[in-house]
Asker: 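Provided herewith is a single structure, encoded as structure tokens, for subsequent inquiry.
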Amino acid sequence: MYKRLSLTPSQTTTNLAIAALLLAVAGCANKGYVVLLPDPDGNVGQITVSNSHGQTLLSNRHQAARFDSTPGQPFMITDQQLAQDFGAALAAAPQPPVSFLLYFEAGGVVLTQESQSLSAQILAEIQRRPGADVSVVGHSDTQGDESANFQLALSRARAVAQWIGGAQLAPGHLSIESHGEKNLLVPTADNVAEPRNRRVEVVVR
Amino acid sequence: MGVTLRDNTQLSIGPDTELILNEFLFAPAQGQFRLDARIFQGTLNYVSGVMARLKPQAVTVTTPTDIIGIRGTHFVLTVNKE
């Protein structure tokens, strides 16, 4: 838009002032902004904000970056501004999902005694949520063959899903999956027996 | 309104918001991950899920001018109408 300004000597000063003003307006042409917040567990992660001018890293609570701005100029947002601009979106947040971890006796699909006692809690959580959606995900440790681990984890997930099936979920609201040895709770090298990785995770959302 | 995706990513939006969940693929056993959300105007509250932990580079939230890369975290953003 500045190219359209034609400058004659007598108007130069005025027009330059107008140009400076336009530049200032364009500079804060407010495209919006992003704010980093603490995770539900209190940790603060990181986000990068990239545009045609470069990249800005945000790593502190309530640190913010304007969109379409030059990098390296994050600012801090106040609680008041946060509530004003994001109150509605934050209030619309769904209930956080709840996860349950179930463990098995070695080599089969029988739950440990302790895990069996969790079943009532899981069913209660499902009843408490209207339109509940449940994932049952089997996991294995890294001991043995990858495809055998995938199958064992799947068998365990199916066994758990069978008794959850009684919770009268809407069609399509119960998924059964195996992540095999690809989503470890406790990171290990390959071929390591680790009971804490031999689990079925039930997520109610 | 708000939604919880299968990897536990949570998205909720404020009034007058236009958002597209362009792609969602979560198959850890196959090593397949992709979450691509695009917001054109309005406000978004985003809490990352399992995907941002397992493969952070597969998760992007884009505005008309910027791309947000996520390393496991919670953020809010607002996009003003052109």
Asker: Just so I understand: if I count every heavy-atom pair under 4.5 Å between each of A/Asn43, A/Val49, A/Val35 and chain B, which residue has the most?
Answerer: A/Val35
Asker: In a check of side-chain contact (heavy atoms from CB on, under 4.5 Å) between A/Phe86 and each of B/Asn45, B/Thr78, B/Leu44, which one passes?
Answerer: B/Thr78
Asker: Is a donor on one side and an acceptor on the other found under 3.5 Å between the side chain of A/Asp68 and the backbone of B/Thr65?
Answerer: no
Asker: Which distance, rounded to the nearest 0.5 Å, do you find between the CG of A/Asn51 and the OG1 of B/Thr62?
Answerer: 12.5 Å
Asker: With heavy-atom distances below 4.5 Å as the criterion, would you say the side chains of A/Asp133 and B/Thr4 are in contact?
Answerer: no
Asker: Look only at the side chain of B/Ser12 and the backbone of A/Ala89, and say whether a donor-acceptor pair between them is shorter than 3.5 Å.
Answerer: yes
Asker: Given that the side chain runs from C-beta out, which part of A/Leu57 has a heavy atom under 4.5 Å from chain B: side chain, backbone, both or neither?
Answerer: side chain
Asker: Identify the residues of residues 16-27 of chain B whose heavy atoms come closer than 4.5 Å to a heavy atom of chain A, ordered by number, or report 'none'.
Answerer: B/Phe26
Asker: Chain B heavy atoms under 4.5 Å from A/Ser135: which part of the residue, side chain, backbone, both or neither?
Answerer: side chain
Asker: Counting only heavy atoms closer than 4.5 Å, note whether B/Leu5 contacts chain A via side chain, backbone, both or neither.
Answerer: backbone
Asker: What part of A/Leu82 lies closer than 4.5 angstrom to a heavy atom of chain B: side chain, backbone, both or neither?
Answerer: side chain
Asker: For chain B, which candidate among A/Pro97, A/Pro40, A/Ser99, A/Ala153 shows the most heavy-atom pairs at distances under 4.5 Å?
Answerer: A/Pro97
Asker: Search all heavy atoms of B/Pro28 against all heavy atoms of A/His179 and return the closest pair with its distance.
Answerer: CG-CE1, 3.2 Å
Asker: Any chance CZ of A/Arg129 has more than 12 other-residue heavy atoms, nucleotides or ligands included, within less than 6.0 Å?
Answerer: yes
Asker: Which bit of B/Val47 is near chain A, if near means a heavy-atom gap under 4.5 Å: side chain, backbone, both or neither?
Answerer: side chain
Asker: What are the two closest non-hydrogen atoms of B/Phe75 and A/Ile47, and how far apart are they?
Answerer: CD2-CG2, 3.8 Å
Asker: Grab the two heavy atoms, one from A/Gln46 and one from B/Thr73, that are nearest each other, plus how far apart they are.
Answerer: O-CG2, 3.6 Å
Asker: Looking at B/Leu11, B/Val50, B/Thr63, B/Ile70, which one has more heavy-atom pairs under 4.5 Å with chain A than the rest?
Answerer: B/Thr63
Asker: Do B/Gln30 and A/Lys182 come close enough that some side-chain heavy atom pair is under 4.5 Å?
Answerer: no
Asker: B/Ile67, B/Val76, B/Leu77: which one forms the most heavy-atom pairs within less than 4.5 Å of chain A?
Answerer: B/Val76
Asker: Quick one: does A/Val137's side chain get under 4.5 Å of B/Arg6's, heavy atoms only?
Answerer: no
Asker: Show the nearest heavy-atom pair for residues A/Leu90 and B/His74, with the distance to one decimal.
Answerer: CD2-NE2, 4.2 Å
Asker: Given heavy-atom pairs under 4.5 angstrom as the criterion, report whether the side chain, backbone, both or neither of A/Val203 touches chain B.
Answerer: side chain
Asker: Which bit of A/Tyr33 comes within less than 4.5 Å of chain B, counting heavy atoms only: side chain, backbone, both or neither?
Answerer: both
Asker: Among A/Ser178, A/Pro38, A/Gly180, which residue forms the greatest number of heavy-atom pairs with chain B at distances under 4.5 Å?
Answerer: A/Pro38
Asker: Do you know which two heavy atoms are closest between B/Ile13 and A/Ala92, and how far apart they sit?
Answerer: O-CB, 3.8 Å
Asker: Please classify the contact of A/Glu181 with chain B as side chain, backbone, both or neither, using a heavy-atom distance under 4.5 Å.
Answerer: neither
Asker: Using side-chain heavy atoms (C-beta onward) and a distance below 4.5 Å, is B/Arg71 in contact with A/Thr48?
Answerer: yes
Asker: More than 12 non-hydrogen atoms from neighbouring residues, nucleotides or ligands closer than 6.0 Å to CD on B/Gln57, yes or no?
Answerer: yes
Asker: Could you tell me whether the side chain of B/Val79 reaches within less than 4.5 Å of the side chain of A/Phe67, counting heavy atoms only?
Answerer: yes
Asker: State, yes or no, whether a side-chain contact exists between A/Asp85 and B/Thr43 at a heavy-atom distance under 4.5 Å.
Answerer: no
